[in-house]
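Everything below concerns the one structure shown next.
Just so you know, these numbers use all the heavy atoms, side chains as well, and skip hydrogens, waters and symmetry mates. All ligand and atom numbering here is 1-based and tracks the order in the structure. Starting from 1, each residue takes its place in the sequence as its number.
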Amino acid sequence: MYKCIRCGRPLEKSFGTAEIECECGSRVFIKERPGIEKVILAR
Ligand SMILES: [Zn+2]
């Protein structure tokens, strides 16, 4: 589960070949895991 770092909106799409951009325009996401937060920079 990914979450936008700017607006906190959960991202339904999965990271892969497609370009990902939140509706707010941010391309920085947090990968949510129990106890771990990893920042993901979308290409
Ligand atoms: Zn956003």
Side-chain angles (χ1 to χ4, degrees):
M1 187 63 163
Y2 295 94
K3 192 171 72 174
C4 176
I5 203 172
R6 185 189 291 176
C7 67
R9 191 189 310 249
L11 189 72
E12 301 281 328
K13 306 166 196 168
S14 60
F15 276 82
T17 54
E19 252 188 38
I20 296 178
E21 188 176 307
C22 180
E23 290 177 34
C24 72
S26 172
R27 286 187 177 181
V28 185
F29 300 91
I30 294 174
K31 184 175 187 180
E32 286 192 320
R33 280 195 171 188
I36 301 174
E37 280 197 347
K38 188 177 181 183
V39 176
I40 306 290
L41 292 169
R43 281 181 241 173

Are [X] and [Y] side-chain neighbours, meaning at least one heavy-atom pair lies under 4.5 Å?
{"X": "K3", "Y": "R9", "answer": "no"}
{"X": "S26", "Y": "C7", "answer": "no"}
{"X": "F29", "Y": "V39", "answer": "no"}

- Could you tell me the separation between the SG atom of C4 and the CZ atom of R27, rounded to the nearest 0.5 Å? 12.0 Å
- Message: What's the separation between atom CG in L41 and atom CD1 in I5, rounded to the nearest 0.5 Å?
- Response: 8.5 Å
- Task: At a cut-off of 2.8 Å, list the protein N/O/S atoms near the Zn ion (ligand 1), residue plus atom name.
- Result: C4 SG, C7 SG, C22 SG, C24 SG
- R6: partners by side chain to side chain donor-acceptor pair (under 3.5 Å), with sequence neighbours left out: none
